[in-house]
There are 2 protein chains.
Amino acid sequence: MIRRPTLAVVAEAAGVSLKTASRVLNREPNVADATRERVLDAATSLGFRRNAVAADLARGGFSRLVGFITGDLANEFYSALASGIERELREHGLQLLTASSDEDPEREGSLTGELLERRVGALIVTPAGADHSALRGEIAAGLTVVVVDRPAAGMDVDTVVIDNRGGTRAAVDHLLAHGHRRIAFVGDAPHLWTYQERSAEFLAAMQDAGVPDAERWLRSGAHDAAAARDLVVELLAAPEPPTAVLAANNRATVGTLQALRDASGGDQVAVVGFDDFELADLLGITVVAYDAVEMGRRAAELAVARSADRDRPVELVVLPTRVVPRGSGERRPR
Amino acid sequence: MIRRPTLAVVAEAAGVSLKTASRVLNREPNVADATRERVLDAATSLGFRRNAVAADLARGGFSRLVGFITGDLANEFYSALASGIERELREHGLQLLTASSDEDPEREGSLTGELLERRVGALIVTPAGADHSALRGEIAAGLTVVVVDRPAAGMDVDTVVIDNRGGTRAAVDHLLAHGHRRIAFVGDAPHLWTYQERSAEFLAAMQDAGVPDAERWLRSGAHDAAAARDLVVELLAAPEPPTAVLAANNRATVGTLQALRDASGGDQVAVVGFDDFELADLLGITVVAYDAVEMGRRAAELAVARSADRDRPVELVVLPTRVVPRGSGERRPR
DNA sequence: CTGTTAGCGCATTCAC
DNA sequence: GTGAATGCGCTAACAG
């Protein structure tokens, strides 16, 4: 285990002071070309590599790391976010530190702590719980926090979300335009902000279309595909079965498709899913799509901007969605 | 922007020396209970948070960070890896630093540099290129490197891969057992180690089965779904069209399915895909499956083990695969 | 059980 | 253009 050369060693080898070596390696001006080259030569021949840990400590304040606390890295939505975040950070010479909360508020809290110990310059969070008192204190202490996917209740921070209401409205209108009236909404946990937004807009759109009591076809609890399937099976067996289903997220879509595959006449039921997925094209599933990578990129952008200017106004970025027709959403009721 | 209290401040508030405060906060023994409590009280009331940057520097050597260089974080395979890695690292008090190489060897090199500056204790890499000269030097200098998914040519490091040959053999045998002889293999870029393993075993298995000239049905270049589709379309139009297709990765599987959907009689062709995917179940696609999260976990485990014992023998972990029959692989030739 | 003395590797004054 | 001195916040020997 060889010891890495330090700046001091490089400086000595080049016959200059530590500070001059530091200037060269940080590309600072006011160094004679000859000196610069001597230092550079010494550095490469010694295999010097700067120590970012020491540099960050010396500089004081924050490190050049940004933390990302996500619900579940293995979920394709969150990994798309991470990908966009990482790409944008890199442009600014920042590195990404990721951590999974497993959607557990308590874990989210302890992860926040660990990342803060690392003195991250900013924290990008997909809030799991409702209580962010810990974070609030940190923000007061100067921490940059950006929230993605869902707003953090009661916190005045930069936020990036998609246009949940617009997407839902467009999906419902799409189905209405194809002649459907009995449209079901299959959503996940009622306490999620995205559920609330989407379900509320669903009801509003139905009401605007003159369909009374749309609550009949409103279901929640589809936190996974199996639960969604059960909900759809039950809907189909009810007195007034829906002729179309709006699945409120990608897991709900999978469950819906499973239920329809198994049901007699299931292939007659129209389906629109929220969230695009790779095989939707192959399966011919109409979806409400948006760009998750861009979402991450924008979040990172906001984090960088606020770190540079703590006094800028808090921003709320709402990304557009669009309906992508692929067949399943264009079936007409019989 | 408030200044965080340091250990020294906490110590003073508690009326003890810096070192004693350090002992308490690091849960070291040999501190009187009364003292311990005084320090803890001071720490919490001051809102103290240890500075991991300073701690790592003082400890010297490496930081408590582990780097992961992946091909593309947005790809579900890599994000599953990342998820497994992160989970295992957390158990050991380590944090994960992720970076995407975009499968570009040059980028892989510069990312390696950046992570090393951060003094990561270990590097987990999905090697993009063939040249790892930079890494080799670092390993000599004491860096722990673990390689996942594909071995790094000419480097004697801990490695985690799946049983590509066994999986391929099982898939071919599965198709043979269902009566197929004209089996096609649709693989991605020929320079990829996984391609070489899988294609070689495909040919060997065919030969063992007494099918001559299986090269007729061997294709490469399916780096994305569109390319795979073209390859399959061409295969089906040839004089001796295959009655079954073994798609060598998840993108190839998608392309194959697209081609079969569009071809007349395509629904007669059997399909087995390498790599499982969420909707394979719904689509009834038989696949060669394995556990990518576990793969990441094992890699992290190896990284931790080697960091603790630099002299342990280099390990090669080969994870099992299994054929999951779902219908598409059980069709018999007509 | 507790405190003192030195650094870790670098950046940052301020001189020269 | 260049350098000497000082400190970032903490850990690590040693002493007491």
Has the side chain of A/Arg59 got a donor or acceptor that lies under 3.5 Å from a partner of the other kind on the base of C/dT12?
no
Nearest-Å distance, NZ (A/Lys19) to P (C/dT12)?
7 Å
With a non-hydrogen cut-off below 4.0 angstrom, is A/Leu7 in contact with a base, only sugar-phosphate, or nothing?
sugar-phosphate
If I take atom CG in residue A/Asp56 and atom C1' in nucleotide C/dC10, what distance separates them, rounded to the nearest angstrom?
10 Å
Give the nucleotide from the list C/dA11, C/dG9, C/dT2 with an atom nearest to the side chain of B/Ala32.
C/dT2
With sugar-phosphate meaning primed atoms plus P, OP1 and OP2, does B/Val53 contact a base, only sugar-phosphate, or nothing at under 4.0 Å between heavy atoms?
nothing
Mind calculating the distance between CZ (A/Arg64) and C1' (C/dC10) to the nearest angstrom?
15 Å
Could you report the tightest heavy-atom contact between B/Asp291 and B/Val293, atom names first, then the distance?
OD1-N, 3.1 Å
What is the distance, to the nearest angstrom, from the CG atom on A/Leu18 to the C1' atom on C/dG9?
8 Å
So does B/Arg119 reach the base of C/dG9 with its side chain, donor to acceptor, closer than 3.5 Å?
no
Tell me: CZ of A/Arg23 to P of C/dC10, nearest whole Å?
16 Å
Sugar-phosphate only, base, or nothing, as touched by A/Asn30 at under 4.0 Å among non-hydrogen atoms
base
Only one of A/Ile139, A/Val314, A/Val125 forms a side chain to side chain contact (heavy atoms under 4.5 Å, CB included) with A/Met155, so which one is it?
A/Ile139
Base, sugar-phosphate, or nothing for A/Asn26, non-hydrogen atoms under 4.0 angstrom?
sugar-phosphate
Reading DNA chain D in the 5' to 3' direction, which nucleotide is the first one with an atom under 4.0 Å from a heavy atom of chain A, and which is the last?
D/dG1 to D/dG9
Calculate the interatomic distance between B/Glu28 atom CD and C/dC1 atom C1'; express it in whole Å.
13 Å
Is a side-chain donor or acceptor of A/Asp158 paired with a backbone partner of A/Glu315 at a separation under 3.5 angstrom?
yes
Base, sugar-phosphate, or nothing for B/Arg50, non-hydrogen atoms under 4.0 angstrom?
sugar-phosphate
Give me the one residue out of A/Glu114, A/Glu117, A/Glu138 that meets salt bridge (charged side-chain N to carboxylate O under 4.0 Å, His left out) with B/Arg49.
A/Glu138
Distance, nearest 0.5 Å, that separates NE2 of A/His223 from CD of A/Glu103:
12.5 Å
I need the CG-P distance between A/Leu57 and C/dT12, as an integer number of Å.
12 Å
Answer yes or no: is there a donor N or O on one side and an acceptor on the other, between the side chain of B/Ser307 and the main chain of B/Ala303, under 3.5 Å?
yes
Does a side-chain N or O of B/Ser17 approach OP1 or OP2 of C/dG3 to a distance below 4.0 Å, or not?
yes
Output yes when a side-chain donor or acceptor of A/Arg64 lies under 3.5 Å from a complementary backbone atom of A/His92, and no otherwise.
yes
Euclidean distance, atom CD of residue B/Glu12 to atom P of C/dT4 [Å, nearest integer]:
13 Å
